[in-house]
**Q** 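Questions regarding the structure given below will be posed in turn.
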Amino acid sequence: MNDTPTGTDAAADGAGQDFIREIIRTDIASGKHAAPVTRFPPEPNGYLHIGHAKSICLNFGVAEEFGGRCHLRFDDTNPTREEQEFIDAIERDVRWLGFDWGDHLHHASDYFEQLYAWAEHLIRNGKAYVDDQSAEEMRQNRGTLTEGGTESPHRSRSVEENLDLFHRMRAGEFPNGTRVLRAKIDMASGNINLRDPTLYRILHASHPRTGDAWCVYPTYDYAHGQSDAIEGITHSLCTLEFESHRPLYDWLLDNLPVPSKPRQYEFARLNLTHTVLSKRVLTTLVRDGHVTGWDDPRMPTLAGLQRRGVPAAALKDFIKRIGMARANSLVDMAMFDFSIRDLLNKTAIRRMGVLRPLKVVIENYPEGQIEELEAINNPEDPEAGSRTIRFSRELWIEQDDFMEDAPKKFYRLTVGQEVRLRYAYYVTCTGMVKDDAGNVVELRCTYDPATKGGDSPDGRKVRGTMHWLSAVDAVPVEVRLYDHLFASPTPGSEGDIFDDINPNSLEVLTGALVEPALAAGNDPEPVQFERLGYFCRDKDSAPGRPVFNRTVGLRDSWAKQQKKG
RNA sequence: UGGGGCGUAGCCAAGCGGUAAGGCAGCGGUUUUUGGUACCGCCAUUCGCAGGUUCGAUCCCUGCCGCCCCAGCCA
C-alpha cells in the first residue's frame, strides 16, 4: 500500500489545501515528480508529542493524498542521547495515528558507510578538511552574527593528509573532541551555517543499532540531505528553524554524487496554549517526577493523549483544522478540545456516572422494589441501541445537582423543586438530612409514578434533567480528572517554566460510582458520563478497582454562567 | 549594525490586481428527557504602518515598525 508511487491523484477531495500541497500539485502537473516521496525523521531521544503529529500528518497525509509514499526514518546520528525505548515508542505512536510506512523503515545509521565514502569524496575534491581546533577555538573563530569568522589554520591541509587523518579518526586513534571533519565553504558567509560546518565528530559511544562499529558519527546537517537523496525523497518537509540550513543542504547535494535531488520545504511548528512541546522540558517533567511518565495523561505526548482517551481521529481532525503555514502561531487549546468533543460526541456510548455522590431516598417508592428502565446508548447514533437500567428507592445523584439556597436560574434539585431523573421519573425534593457539621448528607424526595420513563402525561415540564444511579447496583470506581498541565497559557513566558505548572492538573476522585457493566469492563469505550464528559478506562485499573480518566469535559454553560456571576 | 523568515478578528487561517472564505473562542436565539448535541443570527468598511504604481492594491514597488530563527563537535 505504501510503496510504488503511482501518482494516483487522490488529492482532489476536501484534503487540506496549503502551500506544501500546492507545491506538490505543481510538481506533479509539471511532470517533475510522478508522486511525492516524503519522510518523517524523528530523533529517538524522547517520545513523540502533538507537535510531531503535525509533521506526521503532513508527511504521511500528503503521501496518501497524492499516491506517493512516506518513510519512517530514525535520525540516529547521535548515540550519546538516543535509546531503544524511544525507538519502540515512536513506531508505536506513528502506528497509533494510523499510518503505515510499509517496507520503508529506515535509519540514518543504515547509510553510515555510504555517508563516510561521500565524506572522502568531499575531501578528495578539496571540499572538506580535518580540523584539529578544539570546540572552544572553533566557536571563537566562527565570528559573530555581524562579523565573519576566521579560517582555521588547518583549512588548507593536503588531500592526502586530510584523508589520512579522517581514516585515523574512524580507526579510533583520537579521543572525543580532538578533531572534526568540516566542509570547506565560506568563513565569511552571512549565514553562519555556511562557515565551514562540522560534518563528522568523534564519539566513542555505543550506538543502539551499529553498536561499536563506529566512533565517528555524521552530524544532522551532513546526514539528513544525503539520506533523503538515497531514499529518493522528493519533498523534505521540516520546521522553520531549519530554513537557514537549506543552503547547506543544497550545497552538500550539489557537491556529492547523490542519486537524486530532494528539495527542502519548511513549515511553522505547532505551539499550543497551556502546555509545552519542548523535548527538553518534557524530559525534565518526566525525570523530575512532575508527571508519572511519558504517558501521563496530562502530557502532550502521543502516548499521554492516547492514555487520556483522545482518539487518533480527533487528533488528526485537529491537525487538519489548524492548517499549515509559515507564520509562527500559538493555537488555543480550546480548539483541540473541540476536535476531541466533536468526535467523541458521535462515537462515545452514554452511561451514567456520579463523581461526587449524594444519597437520595424516594420516600413514596416501595421499599425493596426494583424497576427496569430503558436508556438510549447514544442519541447521536441510533445504531448504538439501548440498555436496561435499574431504579430503586435509594439513589445517588451528583452533589453539584443540589443546592440548599438555589438561585432562580438553578434548574436542578432544591427543596420544593421538581426535576426529571433521566429515563426514570419526575421527582420532587421534600427535604434534606444534615450531619452534625451541617453538611447535607441525604435528600428526601417523592416521585410521580405517572412519569415513568421521564415524560409526564399531563404535559407539565421540568427545567432540569439529572443523571443518577441506583444504590442497588452502582459500583465504586476511581476517577481521575485532568486539567491543563500549565496554568499559564504561555508557560515560561515570564520566569521559570516549572513555576507555571498547574498544581491542580490532577484531581483523584475515589468515591465515584458508575453503572455495573461499565465497571465490569463489559461496555465499549470511549464513554460519555452523561452531563459530565468523556472518559476511558486507565491502564491502572485493577480487578475490582476500575480507574477512569476524564478525556475532556462537556461544554458547561451553567458553569460559565456561574463564573460570570 | 550580518543572514534568513513572518505580520489578515481574541486564537488558527483562506486570499495569487476586481472590492476580506472557513473554523475555534465569544455573544444572542431556536430545538432538546444531557444547562450536551444540532440549528439560526451577530462578531475585520478593513488586511502591521507610511508612501508609490494602477481605473482599482490584502495582493505589485519603496521605506519604516514589530516578532521569530541562526554564532552545538544537538536535531
Side-chain angles (χ1 to χ4, degrees), chain A residues 17-18 22 41-43 45 75 77-78 80-82 131 133-135 138-140 142-149 176-182 188-195 197-203 216-217 219-221 223-224 238-247 266 268 273 279-280 318 320-339 341-342 345-346 350 352 375-376 379-380 409-412 420-424 426 451 453-455 461-467 489 528-533 553-561:
Chain A
Q17 186 60 44
D18 53 64
E22 201 170 305
E43 184 193 12
N45 67 342
D75 229 321
T77 57
N78 188 347
T80 64
R81 16 193 282 168
E82 295 155 8
D131 197 348
Q133 292 183 105
S134 66
M138 275 181 63
R139 188 177 66 74
Q140 276 168 357
R142 188 149 28 232
T144 67
L145 291 178
T146 53
E147 301 158 32
N176 289 355
T178 53
R179 284 182 172 77
V180 294
L181 181 74
R182 301 177 74 177
S189 174
N191 183 342
I192 291 173
N193 298 117
L194 260 21
R195 315 232 267 232
T198 298
L199 269 23
Y200 270 89
R201 71 284 216 195
I202 299 170
L203 250 30
V216 289
Y217 291 92
T219 56
Y220 163 86
D221 280 318
H224 205 90
C238 61
T239 44
L240 248 26
E241 65 267 30
F242 292 102
E243 186 159 25
S244 57
H245 292 239
R246 195 171 65 222
E266 311 85 17
T273 60
K279 231 183 244 186
R280 187 201 115 242
F318 168 68
K320 194 170 182 173
R321 279 172 192 278
I322 59 175
M324 189 68 62
R326 288 174 61 84
N328 294 315
S329 65
L330 176 63
V331 177
D332 193 332
M333 186 67 90
M335 213 159 159
F336 186 38
D337 291 342
F338 175 86
S339 286
R341 286 193 196 102
D342 193 44
N345 175 50
K346 297 166 191 151
R350 269 59 168 177
M352 293 206 267
I376 292 166
E380 306 297 321
K409 287 290 197 177
F410 187 76
Y411 303 149
R412 284 111 95 146
R420 170 167 43 232
L421 293 181
R422 191 146 157 90
Y423 301 126
Y426 282 15
T451 59
D455 275 312
K461 301 292 184 200
V462 289
R463 296 303 296 272
T465 299
M466 293 161 29
H467 61 279
Q528 178 196 109
F529 288 179
E530 296 228 23
R531 303 206 304 136
L532 298 174
L554 255 31
R555 280 185 60 194
D556 188 346
S557 57
W558 168 244
K560 196 181 295 176
Q561 198 176 316

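Within every chain, numbering begins at 1; the chains are lettered A, B, ... in the order of the sequence lines, protein sequences first and strands thereafter.
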**Q** Between atom CG in A/N345 and atom P in B/C39, what is the gap in whole Å?
**A**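 Those two atoms, CG and P, are 11 Å apart.
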
**Q** Is any N or O donor-acceptor pair between the side chain of A/E22 and the base of B/C16 shorter than 3.5 Å?
**A** yes

**Q** With RNA chain B as reference, determine whether A/L330 or A/T465 sits nearer its 5' end, using the nearest nucleotide of each.
**A**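 Of the two residues, A/L330 wins.
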
**Q** How close or far is atom C1' of B/G72 from atom CG of A/N176, stated in whole angstroms?
**A**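 Rounded to whole Å, this separation is 15 Å.
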
**Q** For B/C6, which nucleotide is its Watson-Crick or G-U wobble mate, given both distances must be under 3.5 Å?
**A** B/G66

**Q** What integer number of Å spans the C1' atoms of B/U58 and B/A20?
**A** 8 Å

**Q** Please name the nucleotide paired to B/U54 by Watson-Crick or G-U wobble geometry with both distances under 3.5 Å, or report none.
**A** none

**Q** How many Å lie between CZ on A/F336 and C1' on B/C24, as a whole number?
**A**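 For the pair A/F336 CZ and B/C24 C1', the rounded distance is 14 Å.
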
**Q** Output yes when at least one side-chain N/O atom of A/R142 is less than 4.0 Å from OP1 or OP2 of B/G72, else no.
**A**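 For A/R142, the contact criterion (side-chain N or O under 4.0 Å from OP1 or OP2 of B/G72) is met.
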
**Q** So, applying salt bridge (charged side-chain N to carboxylate O under 4.0 Å, His left out) with A/R321, which one of A/D332, A/D337, A/D342 is it?
**A** A/D342

**Q** Return the value, rounded to whole Å, for the distance between atom CZ of A/R179 and atom P of B/C73.
**A** 17 Å

**Q** For the side chain of A/Y411, starting at C-beta, report the closest nucleotide among B/C27, B/G35, B/A13.
**A** B/G35

**Q** Between A/R201 and B/C74, is there a contact of a side-chain N or O with OP1 or OP2 at under 4.0 Å?
**A** yes

**Q** Going from CG on A/D221 to CG on A/L199, what distance comes out if it is rounded to the nearest 0.5 angstrom?
**A**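 Rounded to the nearest 0.5 Å, the CG-CG separation comes out at 8.5 Å.
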
**Q** Can you check B/G72 for me, syn or anti if syn means within 90° of 0?
**A**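 B/G72: syn.
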
**Q** What is the distance, to the nearest angstrom, from the CZ atom on A/R326 to the P atom on B/C6?
**A** 5 Å

**Q** Both distances below 3.5 Å, Watson-Crick or wobble geometry, any strand: find the nucleotide opposite B/A38.
**A**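 B/U30 is the nucleotide pairing with B/A38.
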
**Q** In terms of relative ring orientation, are A/H224 and A/Y220 parallel, tilted or perpendicular, with 30° and 60° separating the classes?
**A** tilted

**Q** Can you check whether A/Y220 stacks with the B/A75 base, using ring centres under 5.5 Å and planes within 30°?
**A**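 Given the distance and angle limits, no, they do not stack.
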
**Q** Output the rounded distance in Å from CZ (A/R531) to P (B/G35).
**A** 5 Å

**Q** Of all the heavy-atom pairs spanning A/L203 and A/T80, show the shortest one and how long it is.
**A**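 Minimum heavy-atom separation between A/L203 and A/T80: CG-CG2, 4.0 Å.
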
**Q** I'd like to know if A/R350 reaches the base of B/U34 with its side chain, counting only an N/O donor and acceptor under 3.5 Å.
**A**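 Such a pair exists between side chain and base.
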
**Q** Rounded to the Å, how far apart are A/D221 CG and B/A71 C1'?
**A** 14 Å

**Q** Is the phosphate of B/C74 approached by A/N78 (side-chain N or O, under 4.0 Å from OP1 or OP2)?
**A**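 Affirmative; the distance criterion is met.
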
**Q** Within the modelled atom types, does a donor on one side and an acceptor on the other bring the side chain of A/E380 and the base of B/G36 under 3.5 Å apart?
**A** yes

**Q** Could you tell me how far B/A71 sits from B/G15 if I compare only their C1' atoms? Round to whole Å.
**A** 38 Å

**Q** For residues A/P247 and A/L194, report the shortest heavy-atom separation together with the two atoms involved.
**A** CB-CD2, 3.9 Å

**Q** Name the nucleic acid region contacted by A/Q528, choosing base, sugar-phosphate or nothing; use a 4.0 angstrom heavy-atom cut-off, strictly under.
**A**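 Base, at least one base atom sits under 4.0 Å.
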
**Q** What is the distance from CZ of A/R195 to C1' of B/C70, rounded to the nearest Å?
**A** 10 Å

